[in-house]
Amino acid sequence: MEKLIKTGSIKMMGSFFGPVKVILTATAAHYGKIIFAYHRRDSEKEKLRKVLEFMKVLDLKNTIISIKQEFSAYFKERDAEINGSLLALLSGEHVLLLGPPGTAKTLLASKICETIEGGYFFHYLLTRFSTPEEVFGPLSLKALERDEFSRRIEGYLPTAHVALLDEIFKANSSILNSLLTVLNERKYHNGKEIIEVPLFSVFGASNELPEEEESLEALYDRFLFRYRVDYIQYEENLESLIFENTEDFLPSTKLNIEEIREIRKKARDLPVDPEVRKIVKGLRRELKNSNIFVSDRRWKQIVNVLRVASAVNGHASVNRMTVALLQHMLWDVPEQKETIRKLILDRIVSGGTDTGKLKLDVFDLRDSIYNCLQQELPDLVACNKCYEEEKRTTDGMRSSRFSGMKTQKSLTFDNTLDLLKHHIEFPAHTYSFVLDYNNLNSSLSFESVADQLCRKYEFEFKISLDYGDKKLYEKEYENLEDRLNYFKKQIQEEEKALEKTLSENIWVSGQDSQEILMKYRSKNTDIYEIANSLNEIRLLLEKPKVFDVAFEKAEEVA
């Protein structure tokens, strides 16, 4: 705390022990301004405790940012894996790195371990023939002399803080049971003794997914974070990898074990925002409908990770931007990852409100009303003006609509709906009857066309909805309008805080941030289109004046 005050990162105004409020302003990068106001009723000791607690969180966040920057400079195109590895370490979860050999999986795991002060790293390549002695330690000869079964575990998995098990899914049954207990309960049964394991995280590496076997499925489920690791894609990053000695990288920033324990304790009771609960429950239903099943244990672990991530960010609750992390914790096979990612990001924007669904509902209502109004015309009607313009743009090469060749659909109308819509858009255009060869040069107004159809065919335009249909559609329109107003409010409120929230969240990648912002902007486009379509529906329901034509007074235009 004193260090940050001296460097100017924290400025203190007022007094801890006076009646005035204490205001802390964090001016360091990534934090913006954070203001704490303590009320008079708080005891001075409680004020000081809160200040110190805040300072610890701020210091840890600073440390994580420094580690991320160091690692990103050496491990190219591995930002997601670095984020997941650090968050797994902090929350006590395990990481699966799925991919071919030579993608720096071992190096990344070992360097992550080096960020822990005094941390011990255990690495082993498993085969079908690996024995428990290779992972958990050899039998103690002294214990055997006393007729006791015990292993010498120093230097093996039961004493490690971070471990990497290569080809994890080749673990045989003699190793598997003890391994599952270590992964899940952090305990190792060493003969009669039950040992508390100091393990934070296990990195499992594999070239392929586990076979469909019950025991391996249980092991697979223990790895909450899952990443598909590929070879370097960009040439400049490949050059950096080839020509620089990344093996010489030594993380200069360290994590204190006590700090990790404290942030877990702080995160345990962190509240989860209602919109996050809604998103999580909705995702669970949708994944289940897509035959992607996530165990209850995993969902519990996922919420715990979200709490830890939010606590490190210094948030008072779990907000929906943190939900972006779920994309690395829900897939079973890599092919599902992109679909799940899209589902998650769609729900993050505007709290999971689905403007796409609203848009479809509005379009369906509009089309349904149009279908009620649509009638087939007894004679084809052509627009003279549109035909002349079309003829000019094609330099007279297009055949006449009366020549027997098929005309463009935009020039002729066979139903009342299209004709009425065209007349609304171009009220001054005149028309001819395509099948009336005695009137090839006629130029009729829209009203005259309606009059002739009535006299010649006894055809009446249906210019309004039936009473029952209208009442039904009006009710549905009001419901859609209410939903639109709710979405507008949500998005307007979101606009003010979205970029700030994303910039403060150290766990959301740059790519995810950009996509969330892009999806947010598409929500505004949806809102505009929905509003226009609802306005069109309102005009239909109100029977606009242009539809209420006095057909009996129509006169032919020369």
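Throughout, residue positions are numbered sequentially from 1 according to the sequence presented. Since the model is a prediction, treat every value here as computed from it, not as a measurement. Heavy-atom basis, side chains included; hydrogens, waters and symmetry copies ignored.
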**Item:** Trace of the side chain to side chain contact (heavy atoms under 4.5 Å, CB included) decision for Thr181 with Ser178
**Value:** CA-CA 5 Å; Thr181 306; Ser178 294; 5.8 Å; no
**Item:** From CA spacing to verdict: side chain to side chain contact (heavy atoms under 4.5 Å, CB included), Phe225, His94
**Value:** CA-CA 6 Å; Phe225 288 86; His94 309 300; over 6 Å; no
Drop me the distance from [X]'s [atom1] to [Y]'s [atom2], to the nearest 0.5 angstrom.
X	Y	atom1	atom2	value
Ile279	Ile344	CD1	CD1	10.0 Å
Arg268	Asn304	CZ	CG	8.5 Å
Glu504	Asn313	CD	CG	8.0 Å
Leu86	Glu81	CG	CD	12.0 Å
Lys265	Ile260	NZ	CD1	16.0 Å
Leu60	Leu90	CG	CG	6.0 Å

What's the shortest heavy-atom distance between [X] and [Y], and which atoms?
X	Y	result
Val135	Pro158	O-CD, 4.0 Å
Arg297	Asp221	NH2-OD2, 2.5 Å
Ser72	Ile82	N-CD1, 3.8 Å
Arg307	Val272	NH2-CG2, 3.7 Å
Leu270	Ala316	CD1-O, 3.5 Å

**Message:** Whether the Glu478 and Tyr473 side chains hold a donor-acceptor pair (N or O, under 3.5 Å, no angle test) is what I'd like checked.
**Reply:**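 Tyr473 and Glu478 do not have a side-chain donor-acceptor pair below 3.5 Å.
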**Item:** Polar side chain donor-acceptor pair, Glu148 to Ser150, under 3.5 angstrom
**Value:**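 No, no side-chain donor-acceptor contact under 3.5 Å.
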**Message:** Tell me which pairs pass salt bridge (charged side-chain N to carboxylate O under 4.0 Å, His left out) where either residue lies in residues 505-516, with sequence neighbours left out.
**Reply:**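 Listed once each, the pairs are Arg341-Asp512, Arg341-Glu515.
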Could you list the residues that satisfy salt bridge (Lys or Arg N to Asp or Glu O under 4.0 Å) with [X], not counting sequence neighbours?
X	answer
Glu196	Lys187
Glu262	Lys56
Lys342	Asp346
Arg152	none

**Message:** Assess the residue pair Leu306 and Leu326 against the criterion (side chain to side chain contact (heavy atoms under 4.5 Å, CB included)); give the C-alpha distance rounded to whole Å, side-chain angles, the decisive distance to 0.1 Å, and a yes or no.
**Reply:** CA-CA 9 Å; Leu306 297 184; Leu326 267 65; 3.7 Å; yes
Measure from the side-chain N and O atoms of [X] to the backbone N and O of [Y], and report whether any donor-acceptor pair falls under 3.5 Å.
X	Y	answer
Arg226	Leu98	no
Gln327	Lys337	no
Lys266	Val308	no
Ser513	Ser509	yes
Arg151	Pro138	no
Asn237	Lys76	no
Ser533	Glu529	yes
Asn485	Glu481	yes
Arg298	Phe223	yes
Asn371	Asp367	yes

**Prompt:** Quick one: side chain to side chain contact (heavy atoms under 4.5 Å, CB included) partners of Thr115, sequence neighbours excluded?
**Reply:**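 Side chain to side chain contact (heavy atoms under 4.5 Å, CB included) list for Thr115, sorted by chain: Ile67, Phe71, Leu89, Pro251, Leu255.
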**Item:** Qualifying residues under side chain to side chain contact (heavy atoms under 4.5 Å, CB included), relative to Thr103, sequence neighbours excluded
**Value:**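 For Thr103, the residues satisfying side chain to side chain contact (heavy atoms under 4.5 Å, CB included) (neighbours in sequence not counted) are Arg78, Pro100, Lys105, Val229, Tyr231.
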**Prompt:** Does the pair Asp296 and Lys300 meet the rule for a salt bridge (charged side-chain N to carboxylate O under 4.0 Å, His left out), with working shown?
**Reply:** CA-CA 6 Å; Asp296 295 343; Lys300 182 74 174 175; over 6 Å; no
Report yes if the side chains of [X] and [Y] come closer than 4.5 Å at any heavy-atom pair, otherwise no.
X	Y	answer
Asn172	Arg128	no
Ile340	Ile292	yes
Ile175	Ser130	yes
Tyr370	Leu365	no
Gln336	Asp332	yes
Leu209	Tyr220	yes

**Asked** Should the pair Arg366 and Phe363 be classed as cation-pi, given the thresholds of under 6.0 Å to the six-membered ring centre and 45° from the axis?
**Response**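 Yes, Arg366 sits over the ring of Phe363.
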**Message:** Does Leu179 form a side chain to side chain contact (heavy atoms under 4.5 Å, CB included) with Leu183? I'd like the steps, not just the answer.
**Reply:** CA-CA 6 Å; Leu179 186 57; Leu183 292 177; 4.2 Å; yes
**Asked** What pairs meet the ring-ring contact (aromatic ring centres under 6.0 Å, His included) rule with one or both residues in residues 278-322, with sequence neighbours excluded?
**Response**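 Residue pairs with at least one partner in residues 278-322: there are none.
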**Asked** For residues 323-346, which residue pairs qualify under ring-ring contact (aromatic ring centres under 6.0 Å, His included), counting only residues two or more places apart or in two chains?
**Response**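 Those involving residues 323-346 are Tyr227-His328.
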**Asked** Of all residues at least two apart in sequence or in a different chain, which pass the ring pair (Phe, Tyr, Trp, His ring centres under 6.0 Å) check with Tyr188?
**Response**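 By the ring pair (Phe, Tyr, Trp, His ring centres under 6.0 Å) rule, Tyr188 matches Phe136.
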**Pair Asp273 + Arg277, salt bridge at N-O below 4.0 Å** =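 Here Asp273 does not pair with Arg277 in a salt bridge, since their nearest N and O are not under 4.0 Å apart.
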**Asked** Where do Glu70 and Ser252 land on the side chain to side chain donor-acceptor pair (under 3.5 Å) test, with the steps shown first?
**Response** CA-CA 8 Å; Glu70 284 186 8; Ser252 61; 2.3 Å; yes
Donor-acceptor pairs under 3.5 angstrom involving side-chain atoms of residues 161-171: please list them, not counting sequence neighbours.
| residue | atom | partner | partner atom | Å |
| --- | --- | --- | --- | --- |
| His161 | ND1 | Tyr120 | N | 2.9 |
| Asp166 | OD2 | His123 | NE2 | 3.0 |
| Glu167 | OE2 | Asn207 | ND2 | 3.0 |

Donor-acceptor list for residues 281-288 side chains, cut-off 3.5 Å, not counting sequence neighbours:
| residue | atom | partner | partner atom | Å |
| --- | --- | --- | --- | --- |
| Glu286 | OE1 | Arg347 | NH2 | 2.4 |

**Message:** In terms of relative ring orientation, are Tyr74 and Phe249 parallel, tilted or perpendicular, with 30° and 60° separating the classes?
**Reply:**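 The rings of Tyr74 and Phe249 lie parallel, inter-plane angle below 30°.
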